[in-house]
There are 2 protein chains.
Amino acid sequence: MTGSRSTSADVARRAGVSRATVSYVLNGRTDQSIPANTRDKVLAAARDLGYVPHAASRALRRGTSNLVLLINSGVPWSTNVTDVEDELTALVAASGRSLVVWRRPGADALQGTLANLEPCVAISMDALTSGENRLLATVGVPLVAADLAAPGTGLPADLQIEHLARQGHRRIGYLTTDEPSLQRFATPRTDGILAACVRRGLPEPRIAGVPGGLAVDVAAVAGQLTRWLNGRDPVTAVACFNDLHAAACLAAASDLRIGVPTDLSVIGLDDDIFAPLTRPALTTVRLGPQHFARHLWSLARHHLGEAPGPAAFTPTAHIVERASVTSPSPFPSPKR
Amino acid sequence: MTGSRSTSADVARRAGVSRATVSYVLNGRTDQSIPANTRDKVLAAARDLGYVPHAASRALRRGTSNLVLLINSGVPWSTNVTDVEDELTALVAASGRSLVVWRRPGADALQGTLANLEPCVAISMDALTSGENRLLATVGVPLVAADLAAPGTGLPADLQIEHLARQGHRRIGYLTTDEPSLQRFATPRTDGILAACVRRGLPEPRIAGVPGGLAVDVAAVAGQLTRWLNGRDPVTAVACFNDLHAAACLAAASDLRIGVPTDLSVIGLDDDIFAPLTRPALTTVRLGPQHFARHLWSLARHHLGEAPGPAAFTPTAHIVERASVTSPSPFPSPKR
DNA sequence: GGGATCCACTGACACGTGTCAGTATGTGGA
DNA sequence: TCCACATACTGACACGTGTCAGTGGATCCC
C-alpha cells in the first residue's frame with residue numbers, strides 16, 4: 001500500500017533474500033544454483049507485489065533496450081500495411097522484445113524521438129533521409145530497410161500476369177503510379193510485370209503511370225483507358241499497381257461505359273478492405289503479411305546477431321478470384 | 001572516433017566544463033546563470049560530437065519517460081484511424097514527448113511490453129480488459145480512454161441527418177454494425193442519429209445492424225434494403241455507420257438493381273480512402289482528425305498535470321458532397 | 001578592510017537494475 | 001584435523017543522467 005510501484009528490492013525484502021538472488025531467479029539464469037524452495041519464495045513475492053521490472057533501469061544497465069522501432073513514414077502504399085505491422089508485432093513479441101510504431105511527423109523529428117526512446121534496432125519500410133541515416137549511425141542504432149530487389153519480390157506481379165494469361169489475355173495494360181514516394185515499391189513491381197510477360201511469351205505490356213498516391217486521379221485513368229482501348233491491338237485486361245488503382249480503373253470504366261469484365265478485365269493487388277465491395281467485385285492478389293514482415297524481421301535478427309545470415313526471402317501470395325476478370329470476349333463490343 | 005556513442009561526460013570534457021554545467025545548458029535551465037560564452041562552448045561541443053542524451057538514463061533519473069503509448073487494439077473501426085494517429089503524433093511531439101503506437105498482439109501481452117518500455121501515459125481508443133487496467137494501475141501508468149459520451153460526439157451523425165433532411169428526405173434508414181467490438185463506437189452514433197431526427201421533427205428512423213466489422217456482409221445489407229424499400233412508407237435514404245457500410249450498401253443496391261441516387265440516397269461517414277472511387281461516388285462526412293486526437297490529448301495532458309481540467313470537446317466535421325445523395329424522387333420507380 | 005551578496009561552476013548522490021567477486025555453510029577425502 | 005570443493009547466497013559496483021548543496025572568487029557597501 002505504498003502507492004508507488006514496487007522494485008526488485010521490495011521483492012527481495014518480502015522473500016527474505018538479497019536483491020541479487022531476486023535478479024537471478026527472475027531472469028532464469030542457469031549458471032547460478034538456486035534451490036526450488038528459494039525460487040518459489042521469490043516468484044511468489046514478485047507475484048504478490050505485482051512486480052514489473054523497471055524498463056529504463058534495465059535498459060540502462062544492459063546498455064540496450066528491448067524495443068524495436070518501426071518507422072512508418074506515411075508512404076501511401078496500401079491500407080493493409082497494418083497487416084504487416086501486426087505480423088511484425090507478433091514476431092518481435094515472440095523474441096521477448098516489443099515492437100512500437102512511430103509515425104514520423106517530419107524529417108527532422110527523429111532526433112527528438114531517439115532522445116526519448118532508444119531502440120535496439122530500427123526498421124523502416126521506406127527510405128530515410130541521409131540526415132536520419134547519419135543520426136541513427138551516430139547513436140549506434142542499426143537500421144533495417146526492406147530489400148525490395150530481393151528475389152521473390154516479383155511474385156505478386158507474376159501472379160497477376162499468370163491469372164490473366166490463363167484466362168486467355170495477351171494484350172495487357174499495366175497501370176502504375178507516378179507518385180515519387182511510391183517508386184521504391186512501384187519499380188520492382190513493374191519489372192516483375194515485364195519479366196512475367198517475357199517468361200510467358202506474351203507481347204510487351206503497355207505500361208502507364210498516373211499521378212496521385214492514395215488519391216488516384218480517375219480522370220487520368222479514364223484518359224489512359226481510352227488510349228489503350230481505341231488503338232489497334234486494344235488491351236483486353238489491365239493489371240494494377242494496387243487495389244486503389246484497380247478501383248479507380250473500375251470507376252473510370254464505369255464513367256466511360258466500358259463493361260467490366262465483359263469488355264475489359266481488371267486485376268488488383270493487395271486484397272484491400274474495399275475489394276469485395278466494388279461492383280464488379282475486384283479480383284486481386286493477396287499477399288500474406290509474412291511476405292514483408294518475415295523478411296524484415298530476419299534482417300533485423302541478423303543485425304542483432306541472432307541469425308547467422310539473412311534468411312531466404314520466401315513470399316507467399318495467392319489470387320483472390322472475384323468478378324472483375326473473365327476470358328476476353330472474341331468480339332469486343334463497339335467503342336464508346 | 002571511439003566507435004561508441006558519446007555521453008554528456010564526453011561533451012563536458014570537450015567543452016572544458018563539468019558535467020553539471022553541460023546538463024544545465026542542454027536542458028536550458030533558467031534558474032542557473034550561465035554566461036553566453038560557456039553556453040556556446042557546450043553547445044558547440046555537443047553538436048560536434050553528435051550528442052543525443054541517453055533515453056534510458058534520463059527516464060531512470062527523472063522517474064518518468066517522455067513516451068506516450070497509444071494502444072491500438074485493432075478494432076476494425078475505419079482505415080483512417082491513421083489520420084488520428086498522425087494528428088496525435090504531432091500534438092505529442094509538440095510537447096517534447098514522443099508517441100509510439102503499439103498494436104497489441106493479445107490481451108496478455110501488455111505486461112511484457114510494459115517491462116520493455118514505460119510510458120508516462122497510455123492512450124487507448126478501445127476498452128481494455130480488466131486485467132490490463134489493473135496492470136497499468138499497479139505500474140502507475142495513467143490510462144486515457146476516449147469519452148465517447150462527451151457532448152459533441154453526436155456531430156457527425158447529426159450532419160448526416162441534416163444533409164439528408166435538407167435534400168427533402170424524411171423516411172431514413174440507419175445502417176449500423178452488430179460487431180461487438182464496435183458497439184462502443186456504434187451506440188453513441190445511433191443515439192446521435194435518433195437525437196438528430198427528433199430535433200428536426202423527422203419520423204423515427206429505421207435502424208438495423210448487420211454482422212461483420214471490416215468485412216461487411218453484403219447479402220445481409222441487401223436483405224435489409226429490400227425490407228426497407230418494400231414495406232409501406234419506404235425509406236428514401238440510408239445513412240451508414242461508416243464508409244465501408246456505405247460501400248456495402250452501394251454494392252447491395254447494385255446487386256438488387258436499385259438505382260443510387262435515383263431510387264435511394266446513401267450517405268457514409270469517414271471519407272474513407274475509397275469513397276471517391278465508388279460509383280456513384282460516395283457522399284460522406286469527413287471528421288477532422290482533430291475530432292478524436294485533440295480530445296484524447298487534452299485528457300492525457302490533464303492526467304499529466306499540465307492542463308487544469310479536461311478541455312471542452314469541439315469536434316470538427318463537414319459534408320463531402322459527391323454523387324450518392326440527391327432529393328428523393330416524387331414518383332419512386334417500381335420495385336425490383 | 002571586512003562582511004555580505006552575487007556569479008559561475010563543481011562534486012557527489014540517487015534513480016533501479018544486472019553482474020562479478022567474494023563469503024559463509026556444509027560435504028567429502030586424506 | 002586440515003584442505004579442497006561444491007552449494008547458496010550476498011555486498012558492492014556500474015550504467016548515464018538530473019539536481020542539490022557547496023565552493024572559490026569577484027564585486028559592492030559601509
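Side chains included, hydrogens not; waters and symmetry mates left out as well; all remaining heavy atoms used. Naming convention: chains lettered A, B, ... in sequence-line order (proteins, then strands); numbering from 1 in each chain. Please read all numbers here as calculations on a predicted model, not as lab measurements.
A side-chain N or O of B:Thr113 and one of B:Trp102 form a donor-acceptor pair less than 3.5 Å apart.
The residue B:Thr7 sits close only to the backbone: its heavy atoms come under 4.0 Å of sugar-phosphate atoms, none of a base. Note on A:Thr21: a base of the nucleic acid sits closer than 4.0 angstrom, heavy atoms only. A:Arg29 comes within 4.0 angstrom of sugar-phosphate atoms only, judged by non-hydrogen atoms across all strands, and of no base.
Ion pairing between B:Arg104 and A:Asp86 fails under the 4.0 Å rule for side-chain N and carboxylate O. By the 4.0 Å N-to-carboxylate-O rule, A:Asp126 lies close enough to A:Arg184 to be salt-bridged with it. Comment: B:Glu85 does not engage B:Arg103 in a salt bridge, judged by the lack of any side-chain N to carboxylate O separation of less than 4.0 angstrom. A salt bridge links B:Glu118 to A:Arg5: one of the charged nitrogens lies within less than 4.0 Å of a carboxylate oxygen.
The outermost nucleotides of DNA chain D lying under 4.0 Å from heavy atoms of chain B, listed 5' to 3', are D:dG16 to D:dC20.
Comparing A:Asp31 and B:Val17 by the nucleotide of DNA chain C whose heavy atom lies nearest to each, the residue mapping closer to the 5' end is B:Val17. Ranked by how close their nearest DNA chain C nucleotide is to the 5' end, B:Lys41 and B:Arg62 are led by B:Lys41. Closest-nucleotide positions on DNA chain D for A:Ile34 and B:Ser23 were compared, and the one nearer the 5' end corresponds to A:Ile34.
Across the protein-nucleic acid pair, A:Gln32 atom CD and C:dT23 atom C1' stand 14 Å apart, rounded to whole Å.
Using a 4.0 Å cut-off, some side-chain N or O of B:Ser33 falls inside it from OP1 or OP2 of C:dA8.
Here the closest heavy-atom approach between residue B:Gln183 and residue B:Pro188 is recorded as O-CD, 4.0 Å.
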